[in-house]
Protein chains: 2
Amino acid sequence: MTRTVLSSATKEVVIGFDVPFVVIGERINPTGRKLLAAEMKVGDYSRVEADALAQIRAGAQMLDVNAGIPMADEPRILAKCIQLVQSLTDAPISIDSSIIEALEAGLAVYKGKALVNSVTGEEEVLERVLPLVAKHGAAVVAISNDETGISEDPDERFQVARKIVERAADFGISHEDVVVDPLIMPVGAMDSAGTSALNLIRRLREELKVNTTCGASNVSFGLPNRHYMNAAFLSMAIGAGMTSAITNPLHEPEMAAVRGADVVMGHDPNCRAWIRAYREPPAEGEEGRGGRRGGRRRRQA
Amino acid sequence: MTRTVLSSATKEVVIGFDVPFVVIGERINPTGRKLLAAEMKVGDYSRVEADALAQIRAGAQMLDVNAGIPMADEPRILAKCIQLVQSLTDAPISIDSSIIEALEAGLAVYKGKALVNSVTGEEEVLERVLPLVAKHGAAVVAISNDETGISEDPDERFQVARKIVERAADFGISHEDVVVDPLIMPVGAMDSAGTSALNLIRRLREELKVNTTCGASNVSFGLPNRHYMNAAFLSMAIGAGMTSAITNPLHEPEMAAVRGADVVMGHDPNCRAWIRAYREPPAEGEEGRGGRRGGRRRRQA
């Protein structure tokens, strides 16, 4: 049973084949968020704080933290954000950067076992990121593209994933500490994107025995009613064996799809988490919980 | 490629492995609907009319028609309802009764190739229903229980399904005209209900090569936020190979789960059906379409 154990100073979260699906909150990321980028650049982290707390309330078990702002001191800002988020929540963090110095700075201040996001199959990236992951005893997200870009052929994406897992092993990193992102293509761009994704998720699990993750909202790119499309895909991907996703936990269709899939997979004994999220009326002391919002919306529907 | 071809006088609908999922509208059924039962009993079919039209607008490709009213002339009422629904819509019908005389009366007036709902694995039922299905060249829903009731063991339910398929063949009914209902247990009652259901759906498809259906709302019995649980289950069941469901098409989470799963399975080329259902703003001339409601709700969310 493959288990990727991540931790903060005080809490462990397990990504694995026989445990509930892990939602990694994607919101702390200035890409495409001009206001957040401008604030982070001048040292105003109030929105980072709010995003961290809101995502945890909504049900994220981990948080992705990205500080990729053009012309800014990304290593310093990323380290600052990680320290801030760790002071506010006990959720393990996915340290997200394409800049090695930023990953280094983030890992240097991180308390616990982090998920490094990410390594690709490109030689230069493998050679720089994997030693860092090994040195810190971290886990890593492996994105299945290489020097040739992202292949449309799922077999090639599988082979890139296999290469990363093998290279990680050379650095002493177990396959249990490699979480593969098979790169889900938008279903609106290619009719075979969905079935390719499901097959790839199954193969990664059965043949490489690795956990998987994805940026779930990419699947619906360009389509209307995106949250419901993401929701359908998430449930089906969990049915095929996907074990985590980097996504926005503030959207109810997606979170209900994940929680419902956990129940269907038998990973929510006695439906406890489902009932806690959606019982009506909500119990006292749960003001503002994401689950409660879901319950409310249902009553109005 | 297994294909169950149903028809009305003017339209064919195919339940199959490589075509869009078929939603069979469940609403025309007096069970648990006192007002509808009372009206049908005295010959007022206005609600049957409204239910037929609303379900087709919402996206049902077929309609289930049931007239099971205690102390009423079920054969006569069922035949009447079928004639009425066939005069209003071109959707093929699932003729739903546990009374052989009602099935006979329904089939006698039906135009096209009907789906007879249902036969079980009970000897007496097999011996009475299968000849009738064969005589009319109809297809049949096979419910996987027998004299011993509904087994909690999915292997036993599979064996009952196999028996029905074999007995149908003895009567000249192809496995393509047997749509198996594997009897989905509520996930709230048994933690293994979901995985059992998915495994059973896969086995029915791979080993018996049959289409499958289910009463999808049963899965969420006893739980809060039922529509989202049904939605997660439906998407996952389609991912496992389920090809139709008898369900309520008026609920948006379930319909979006079905439409989204069709896209992910590659059964909605260029996402045409998805975009037609959810494009914003809705095109003129689509007043009151189920899909449009979905679009609207999204904008408010």
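In what follows, every chain begins at residue 1, and chains take the letters A, B, ... in the order their sequences are listed.
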J.: Heavy-atom cut-off 4.5 Å, strictly under: side chain, backbone, both or neither for A261(B) against chain A?
T.: both
J.: How long is the gap from OG1 on T195(B) to NE2 on H267(A), to the nearest 0.5 Å?
T.: 8.0 Å
J.: How far does CH2 of W274(B) sit from CG of N225(A), to the nearest 0.5 angstrom?
T.: 4.5 Å
J.: Measuring heavy-atom distances to chain A, does L198(B) have an atom under 4.5 Å in its side chain, in its backbone, in both, or in neither?
T.: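 Side chain of L198(B) only, per the 4.5 Å heavy-atom cut-off to chain A.
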J.: S220(B), A197(B), G260(B): which one forms the most heavy-atom pairs within less than 4.5 Å of chain A?
T.: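 With the most close heavy-atom pairs to chain A, the winner is G260(B).
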J.: Mind listing the closest non-hydrogen atom pair of G239(A) and R202(B) along with its distance?
T.: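 Answer, listing the atom of G239(A) first, then R202(B): O-NH2, 4.2 Å.
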J.: Drop me the distance from R259(A)'s CZ to M229(B)'s CE, to the nearest 0.5 angstrom.
T.: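 CE of M229(B) is found 10.5 Å from CZ of R259(A).
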J.: Please find the pair of heavy atoms, one from A232(A) and one from A257(B), that lie closest to each other, and give the distance.
T.: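 The answer is CB-O, 4.1 Å.
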J.: Who among D268(A), V263(A), I238(A), V219(A) has the most heavy-atom pairs with chain B under 4.5 Å?
T.: V263(A)
J.: For R272(A), which atoms come within 4.5 Å of any heavy atom of chain B: side chain, backbone, both, or neither?
T.: neither
J.: Mind checking whether S235(B) and F233(A) have side chains closer than 4.5 Å, heavy atoms only?
T.: no
J.: Provide the closest heavy-atom pair for C271(B) versus G188(A) in the form atom of the first, atom of the second, distance.
T.: SG-CA, 3.7 Å
J.: Please state whether the side chain, the backbone, both or neither of N230(B) comes within less than 4.5 Å of a heavy atom of chain A.
T.: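 No part of it gets close to chain A.
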J.: Under a 3.5 Å distance rule, please check whether D191(B) uses its side chain to pair with a backbone N or O of P269(A) as donor and acceptor.
T.: no
J.: Can you tell which part of S192(B) gets under 4.5 Å to a heavy atom of chain A, answering side chain, backbone, both or neither?
T.: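 For S192(B), neither part sits under 4.5 Å from chain A.
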J.: Are more than 12 heavy atoms from other residues, nucleotides or ligands located less than 6.0 Å from atom CZ of F221(B)?
T.: no
J.: Looking only at heavy atoms, what is the nearest atom pair of P224(A) and Y278(B), with distance?
T.: CB-O, 3.2 Å
J.: Which residues in residues 205-217 of chain A have a heavy atom less than 4.5 Å from any heavy atom of chain B?
T.: none
